[in-house]
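Below is one structure; the comments refer to it alone.
Here, residue 1 is the first one in the sequence, and each next residue gets the next number.
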Amino acid sequence: MKHTEHHAIDQRRRALLKGASAAALAAGAPAMAAENAAVNPWTRAERIAAKFAKPLSFPARDFVITAHGARPCPMAEAKPLAGAHGTPAATQLVPAPGSPDSHPAIRAAIAAASQAGGGRVLIPAGDWYCKGPIVLRSNVNVHLAAGARVHFSANPADYARHGEFDCGPNGKLVLSRWQGNDCLNYSPMVYARNQNNIAITGEDWTSILNGQGNVPFEDGGADGWWNWAWRNKPAGATARQGVVNEANPASLSALAPQLTPAELALIKGSHADWRSDEKYLPALSEARVPAEQRVFGAGHYLRPCMIEFVGCTDVLMQGYQVVNTPFWQHHPVNCRNVHIKKVRMESMGPNSDGFDPESCDTILVDGCLFNTGDDCIAIKAGKNTDVQYGPTRDMVIQNSIMNTGHGAITLGSEMAAGIEHVYAQNLDVRNMHWATDPLGTAIRMKTNMNRGGFLRHFYVRQVTLANGVRTKPGFYTPIPGGVIAPKTVATSGGAIITIDCDYTPAFDSVRTRPPEVSDIHISDVRVANVQTEDGAYSCYQAFVLLGPVAHSYNGPAGVPLLPLANVTITRCDFGTPRAAEPWFVHNARNVTLSGVTIAGKRYDTRL
């Protein structure tokens, strides 16, 4: 879709929504009148968005990568890996073997721009092979011209040779954050740390950053970035992030001598795979091992994000398309004033979240399009003991299209430092693959007794779902022995709204930090049915509100377990759920439905 078409759709939708709001006011709708009274939470959203009205400024000088020796690369056909969404295409174009490497030229152009006091690094039209990360510096905008396609090498070693931390056989690594935990790891394909006034931009959606996460590594074997995620090893693949890695020590006692045997046993838990990379890293956080001693990289299997900025201020991502990312697509961490605008995200691989701001302050998502193998947007704030960057707060999401994914707007699950003041409006959640690979849920909050944190002041309005969400449940798996039976609650897919305060509890051995979730207000959500093999449905259930589950807690006695509190759902039509019960509620108080329609029946009640 061209930007002009996208803009036209946005303009028509806003006009319709504005007209609908005016009609409701004219009819004297009391809920709408209350929302527009003296205390209107959406005025905060307006103030957040207004901070981005003035664009970032860069010196008006170009540094063209061809002037520093870059040459386009020829392309050849390759067979891609299977992704998270079905059978891959028969072939895909990749840089031909022996292609010239543009990484030194891109790096030199950025250095020259930085030395001159800033400017624009221009990547012209054509195919460019890049054997290493693009590392942004202050006051530099890396810009892809129309028709410019950067293909990052499918070789993990290229992202373990340029970092500032020399970790010997593990490579030269960067300080990164992987699923909420700090570590030294492979560099993301586009990276910056402690920089100000930076941008990665494109002319339009023909300006492409390709992570090549979906093709075999260049060593000729069967492994690739996406294969590292699978728990069932693909034929010919050598290792994955979720199985025991013998490179990880068999005991934490040497790294954390201050811990008692009981504390070490709690961290290790009963998981046979606790030494897998994906579980060993959070164990290091629980043991309070410093980040500089959490060394991964070569010999390990934690895939890097595509674009990650750490500790940066005034960040712009605009006008390009990103495809086939190894892991999360965009991941700003501990950043301030983050703007992502008119970016198209196309990656159907495992954990291919579109945009995951973590412990950031003041964020605007505007006019983006999401086709993702996981959550379209997933807001984060650290995990285990890694809470030093604080909460994510003051975020606006608007005028965007969500085509597919696990959740359209997700808060969590890594949110130990808290999330507050998030506003989402004017969203077109299309669920375009509803017949074969449906969207799991539209509005989702997820935490548990390990991730803890607070989640409060979340506002959503004016969301359309033309094709509902998945109509068959993805069931919650509780810790055995509790009051909630298995296969009774659809927390992992099937509800339009899901608030899950006991997300995958068995994954985490330490469950000592109860979450606090409150003040969630959702209005004007319109959901249409789709015709399934046995009837017309929009979802499995309209909403699931699973407050903290006391049985999952394994910490000291006396810690308060607060219920989910203060939820309003107003002027919503959820279509026709498949389940006999239209909703599920556990450990919640002050849940109010006003003008809510489910299967043609109106509800005005407090649950």
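Side-chain N/O atoms of Tyr476 and Asp502 include a donor and acceptor closer than 3.5 Å. For the residue pair His162 and Arg107, a side-chain donor N or O sits within less than 3.5 Å of a side-chain acceptor on the partner. A donor and an acceptor atom, one from each side chain of Asn324 and Gln212, are nowhere located under 3.5 Å apart. Side chains of Asn155 and Asp219: no donor on one and acceptor on the other come within 3.5 Å. Judged by distance alone, the side chains of Ser413 and Thr447 never bring a donor and an acceptor atom under 3.5 Å apart. Judged by distance alone, the side chains of His300 and Asp277 do bring a donor and an acceptor atom under 3.5 Å apart. Between the side chains of Asn185 and Ser176, no donor-acceptor pair of N or O atoms lies under 3.5 Å. Between the side chains of Thr392 and Ser359, no donor-acceptor pair of N or O atoms lies under 3.5 Å. No side-chain N or O of Asn181 forms a donor-acceptor pair with one of Glu414 less than 3.5 Å apart. Side chains of Asn214 and Gln92: a donor on one and an acceptor on the other come within 3.5 Å. With no hydrogens or angles considered, a side-chain donor-acceptor pair links His331 and Glu358 at under 3.5 Å.
Shown here are the side chain to side chain contact (heavy atoms under 4.5 Å, CB included) partners of Glu292, two or more places apart in sequence or in another chain: Pro290. For Thr362, the side chain to side chain contact (heavy atoms under 4.5 Å, CB included) partners at least two apart in sequence or on another chain are Ile48, Lys51, Phe52, Asn337, Asp394.
Here the shortest heavy-atom pairing between Arg177 and Glu308 reads O-OE2, 3.3 Å.
Taking the ring centre of Phe507 as origin, the terminal cationic atom of Lys279 falls inside the region bounded by 6.0 Å and 45° from the ring axis.
The side chain to side chain donor-acceptor pair (under 3.5 Å) pairs that include a residue from residues 93-102 number zero, where partners must be two or more places apart or lie in different chains.
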Using the rule given for side chain to side chain contact (heavy atoms under 4.5 Å, CB included), can you reason through Leu281 versus Arg294, listing the C-alpha separation, both sets of side-chain angles and the distance that settles it, and then say yes or no?
CA-CA 7 Å; Leu281 175 56; Arg294 305 177 195 175; 3.9 Å; yes
For a side chain to side chain donor-acceptor pair (under 3.5 Å) check, start with the C-alpha distance between His330 and Asp356, then their side-chain angles and the critical distance, and finish with the verdict.
CA-CA 6 Å; His330 299 86; Asp356 290 26; over 6 Å; no
Report the C-alpha separation of Gln321 and Asp204 in whole Å, then their side-chain angles, then the decisive distance to 0.1 Å, and conclude whether the side chain to side chain donor-acceptor pair (under 3.5 Å) test is met.
CA-CA 8 Å; Gln321 181 175 180; Asp204 56 33; over 6 Å; no
So Glu278 and Arg240, salt bridge (Lys or Arg N to Asp or Glu O under 4.0 Å) or not? Walk me through it.
CA-CA 9 Å; Glu278 70 178 12; Arg240 293 97 75 213; over 6 Å; no
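Exactly one of Phe217, Phe296, Phe327 qualifies for a ring pair (Phe, Tyr, Trp, His ring centres under 6.0 Å) with Trp228. That residue is Phe217.
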